[in-house]
Number of protein chains: 2
Amino acid sequence: MPRMASQERRTEQRREQREALRERILEVSREIVRREGFASLSMRKLAEAIDYSPAALYLHFKSRGDIARALRVQGHASLRDAFLAHTSIADPAARLNAMGRAYVEFGLAEPETYRLMFMELAASAGPSSEARAGSPGDAPGNGDAHAAEPGAATLSMIADAFVELRAADRLPARAAPLACAEGLWANLHGIVALKLNGAALPETPAATLVELSLDAWFAPANRTEPRFSSANRPDTSTR
Amino acid sequence: MPRMASQERRTEQRREQREALRERILEVSREIVRREGFASLSMRKLAEAIDYSPAALYLHFKSRGDIARALRVQGHASLRDAFLAHTSIADPAARLNAMGRAYVEFGLAEPETYRLMFMELAASAGPSSEARAGSPGDAPGNGDAHAAEPGAATLSMIADAFVELRAADRLPARAAPLACAEGLWANLHGIVALKLNGAALPETPAATLVELSLDAWFAPANRTEPRFSSANRPDTSTR
DNA sequence: GTCTATAGCACGATAGAC
DNA sequence: GTCTATCGTGCTATAGAC
């Protein structure tokens, strides 16, 4: 059955090419977003960058918001990887320290990606922002109402550490570990978000704020391990 | 000199009418932003709302970004007022508690105003976001490079409280009071920002997170004053 | 599947009559 | 000071040829 085989091979090639183009679109999109932000990712610009017509994009992605969704998923995977690199740290406080730093470093190193992941979801849930000039279906949050799900993995890694802290009776606050995790997350996000907005928080470097915040959220555990104490530790990055 | 007087009266009336119209534009703008967000405030829509032509707006505001700037100033004044209501609290920890709550309540009560004030400044300082379809000079951050200044008053109120805490030796962390103030601010901002983005932080109510955060940042002072302890205090608002 | 061409819309800002 | 009319731009998405 050589004819059958060759046909199968052809369709297989087709599928691979299709997949490859889709991947290439995402790759170029990611780079544009990284450098100029999602707001400046237009279908025209994207099409020109991959040397196709704008119409071709719509064969692989339902809309611009659909691309945003894919990029967000990739970003969350990237952040999760950064966290995974520290899961081997046995001490939960030390692990939280490492993860907290990693989180803020991720946000400051990839500001536009971070913005896309955590700061431009407004349009998906409210009647608010990101109402651009174009047509409907444009908002980055569209296409998936459960867009928060991809970040759940990283949040639960933080929560796990708090559970361990609580189990070892090293957690001062008497609240649910999940609530602590969300509180710490909010704190870290606040640092990144204010820094990304440029004008705000002009005085204190982000690294110092991170140290302070980690101290604040589980200081006792920290104080018994001077390895991670903040005050007498030179700031490595002065972003 | 009756002729002179009448002329003066006329120009005075003119000036008042001018001022009144400008005030009316701002008032309507504020309401539109409050309900639909700044991104959806277009000069056309605004003009129709005040029953003038779009061109008339440019007699009172240089650009759309100029309106944004005026609205931000008003918002900061409003937030400052909310803080001023608590400056009379003598105990610095209690004062910080009240101000922290007020901050988050402000953000959650006026999400779009808050967004305009703290989350849409990106375009002013970076090559990023808010690149809309229209012409240049559109970004909300334009028109004043020192846009962070209006918020300085509220920040220094927080910093003052930390200075007092430090003076009374009730501040656990050994860092500069200003850094603590910015850290706490970042924490509060993170809570509001994540809540405003809807999808994120689905589990824990904001009020609980605020309590936890305030506890985290100056817990010892808090624990000696059970009046403000959080765990055994019913959440009044479950936003 | 990919292209060209364009529809259709919305915007910010300005020119020039009155 | 206000209006009408419009310029110039950018966008998403689709129609229809190949």
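Computed from a prediction, not measured in an experiment: that's the story for all the values here. Proteins get letters first, then strands, A, B, ... in listed order; numbering begins at 1 in each.
A/Ala55 comes within 4.0 angstrom of a nucleotide base, judged by non-hydrogen atoms across all strands.
Counting only distance, with no hydrogens or angles, the side chain of B/Ser63 and the backbone of B/Asp66 share a donor-acceptor pair below 3.5 Å. Under a 3.5 Å cut-off, the side chain of A/Arg64 and the backbone N or O of A/Leu41 do form a donor-acceptor pair. Proximity of a side-chain donor or acceptor of A/Asn187 to a complementary backbone N or O of B/Ser213 within less than 3.5 Å is not detected.
Between B/His60 atom NE2 and D/dC3 atom C1' there is a gap of 13 Å when expressed in whole angstrom units. Taking atom OH of residue A/Tyr58 and atom P of nucleotide D/dG16, one finds them 18 Å apart after rounding to whole Å. B/Arg22 has its CZ atom 14 Å from the P atom of D/dG1, to the nearest Å. In this structure, B/Asp66 atom CG and C/dA13 atom P are separated by 10 Å, rounded to whole Å. What separates CG of B/Leu59 from P of C/dG12 is a distance of 16 Å, to the nearest Å. For the pair A/Tyr52 OH and C/dT4 C1', the interatomic distance rounds to 16 Å; values are reported in whole Å.
Centroid-to-centroid, the aromatic rings of A/His189 and A/Tyr114 come within less than 6.0 Å.
In terms of phosphate contacts, B/Ser53 brings no side-chain nitrogen or oxygen within less than 4.0 Å of OP1 or OP2 of D/dT4. At the phosphate of D/dG1, OP1 or OP2 sits under 4.0 Å from a side-chain N or O atom of B/Arg18.
Under the side-chain contact (heavy atoms from CB on, under 4.5 Å) rule, A/Val104 has a single partner from A/Val210, A/Leu214, A/Leu209, which is A/Val210.
Closest to the side chain of B/Arg14, out of D/dG1, D/dT6, D/dT2, is D/dG1. Relative to the side chain of B/Arg64, the nucleotides C/dG12, C/dC3, D/dA13 differ in distance, and C/dG12 lies closest.
Fit an axis to the five pairs at each end of the helix from C/dG1-D/dC18 to C/dC18-D/dG1 and the two axes sit 20° apart, to the nearest 10 degrees.
Between B/Leu21 and B/Arg44, the residue whose closest nucleotide on DNA chain D is further toward the 5' end is B/Leu21.
In this structure, A/Glu48 places its CD atom where only 12 or fewer heavy-atom neighbours from other residues, nucleotides or ligands lie under 6.0 Å away.
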